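Below: one structure, written as structure tokens.
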2 protein chains.
Amino acid sequence: MLKLSKKADYGLMALKYLAEHPETQALSAKDVADAYGIPAQLLAKILQRMTKTGLLRSHAGMNGGYALARDAREISAYEVIHAIDGPLFITSCTKGAKLCDLTPSCTIKEPLARVNESIAEVLKSISIYDLAEHEHVGEHEAHGLVLLTR
Amino acid sequence: MLKLSKKADYGLMALKYLAEHPETQALSAKDVADAYGIPAQLLAKILQRMTKTGLLRSHAGMNGGYALARDAREISAYEVIHAIDGPLFITSCTKGAKLCDLTPSCTIKEPLARVNESIAEVLKSISIYDLAEHEHVGEHEAHGLVLLTR
DNA sequence: GAAATGCCGACAGAATTGGTCGTATACTGA
DNA sequence: TCAGTATACGACCAATTCTGTCGGCATTTC
Ligand code: FES
Ligand code: FES
């Protein structure tokens, strides 16, 4: 429950890997897949999706592959997840087009939307750069987030 | 992605409903199910699980049913979700017993655990009471949460 | 004892996700 | 210009997870 899809996980791993190899011009889907032992074709599709949404730059042909389209600091975990799994909505009814059949009776949707918003904020505050290296980050300082309840 | 299961949704709705009817001694699963048009038997199972984890008190027999075990202010959304869907983990590998096969290579797990923690905090800061009534809550004040990024 | 209710496990159907395949297209370098 | 390497994309199957139902039993009230 409430867990990332494997695809999103793969996507984050791949971006992290790219962020850790800024020297190379581009890395092929296969390169990355092999590095982590994940299905190459599947990862390829994931990278393609991120390319389409502008997170990556791609280049076909020999020595082709993918590279970050922006600085790792400028790519948030939220963007990655959104690109791969679509809009993030905690409420069961996937929003937008078709509302779930109990929309009229469901009284909980609206308050949960705010929770959803908070989660999105958390995700937006994490960048690929934060994921890469920096094993140290300090357990306390956490990832730069402070939560205050009134 | 990252969305609540319908069960958790139902559970929250039911608790909210109970919180809004504090006068009655107990409400049967069927009562609540009918109120929202959700499958009675399914809801029954959900309520049972919440009973087992101590969120509800139950009473069999005529005029039996369920009632909140504690004040609505003392029951968090996190507890509800945890009771129904089990431990909340954003990382694909469901933790504990069996780790996913790429545990050694997955370098992303640890940083995400912190994100997970943040989300859990958000959920813990929301009580059933917050969900019930109070349509007003002020869009700005939100639900009593302030997020600060460094 | 009968009716209303909760309790529990097993299971079938539906929906989602994960992963594969085939084919087309683009770039590189010899 | 041709062979090789790569991305792009859609269709499709397989595995898993989620939803919902059923049947039987236990407990309380009248
Ligand atoms: S789940 Fe769709 S409206 Fe609440
Ligand atoms: S998904 Fe299991 S370790 Fe990263």
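Heavy-atom basis, side chains included; hydrogens, waters and symmetry copies ignored. Not measured: the values here are computed from a predicted model.
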Inset, instruction - Calculate the interatomic distance between A/D31 atom CG and D/dT7 atom C1'; express it in whole Å. - result: 13 Å
Legend entry - Intermediate values then yes/no, side-chain contact (heavy atoms from CB on, under 4.5 Å), B/Y17 and B/L27: CA-CA 10 Å; B/Y17 190 73; B/L27 290 167; 3.8 Å; yes
Inset, instruction - Can you see which heavy atom on B/L43 is nearest to which on B/A33, and at what distance? - result: CD2-N, 3.5 Å
Inset, instruction - Could you tell me whether a side-chain N or O of B/D130 sits under 3.5 Å from a main-chain N or O of B/S127, the two making a donor and an acceptor? - result: yes
Find every protein N or O atom lying less than 3.5 Å from an N or O atom of nucleotides 11-14 of chain D, and list the pairs.
{"unit_1": "D/dA11", "atom_1": "N6", "unit_2": "A/K45", "atom_2": "NZ", "d": "3.3"}

Inset, instruction - Would you kindly give the CG-to-P distance between B/L27 and C/dA4, to the nearest whole Å? - result: 17 Å
Inset, instruction - Return the value, rounded to whole Å, for the distance between atom CG of B/L42 and atom C1' of D/dC18. - result: 10 Å
Inset, instruction - Look at the side chain of A/R57 and the backbone N and O of A/A67, then say whether any donor-acceptor pair between them is shorter than 3.5 Å. - result: no
Legend entry - Exercise: identify the closest heavy-atom pair between B/I46 and B/G11: CG2-CA, 4.0 Å
Inset, instruction - Name all residues meeting the side-chain hydrogen bond (donor to acceptor under 3.5 Å, both in side chains) criterion together with A/N116; count only those two or more places apart in sequence or in a different chain, and write none if there are none. - result: none
Inset, instruction - Could you tell me whether A/A44 contacts a base, only the sugar-phosphate backbone, or nothing, with contacts defined as non-hydrogen atoms closer than 4.0 Å? - result: nothing
Legend entry - Five-pair end axes of the helix from C/dG1-D/dC30 to C/dA30-D/dT1, angle between them (10°): 20°
Inset, instruction - Calculate the interatomic distance between A/K3 atom NZ and C/dT17 atom P; express it in whole Å. - result: 9 Å
Inset, instruction - Under the side-chain contact (heavy atoms from CB on, under 4.5 Å) rule, what do A/L55 and A/R70 come out as? Steps first, then yes or no, please. - result: CA-CA 7 Å; A/L55 262 37; A/R70 317 202 281 274; 4.1 Å; yes
Legend entry - Interatomic distance where CD1 belongs to A/I46 and P belongs to C/dT17 [whole Å]: 13 Å
Legend entry - B/L43 CG - C/dC7 P separation (whole Å): 12 Å
Legend entry - Rounded distance in Å - CG (A/D85) to P (C/dT17): 7 Å
Legend entry - Atom-to-atom span, CD of A/Q41 to P of D/dT7 - whole angstrom: 11 Å
Legend entry - Closest listed nucleotide, where the reference is the side chain of B/K6 and the choices are D/dT19, C/dT20, D/dT7: D/dT19
Legend entry - Partners meeting salt bridge (charged side-chain N to carboxylate O under 4.0 Å, His left out) with A/R73 (sequence neighbours left out): A/D71
Inset, instruction - Find the distance between CD (B/E79) and CD1 (B/I128) and round it off to the nearest 0.5 Å. - result: 9.0 Å
Inset, instruction - Examine C/dG19: is either OP1 or OP2 under 4.0 Å from a nitrogen or oxygen in the side chain of A/Y10? Give yes or no. - result: yes
Legend entry - side-chain hydrogen bond (donor to acceptor under 3.5 Å, both in side chains) partners for A/D34, two or more places apart: A/K30
Inset, instruction - Pull out every residue in residues 56-65 of chain B that has a heavy atom closer than 4.0 Å to any atom of DNA chain C, ordered by number, or say none. - result: B/S58, B/H59, B/A60, B/G61, B/M62, B/G65
Legend entry - Nearest heavy-atom neighbours spanning A/P87 and A/H82: CA-CD2, 3.6 Å
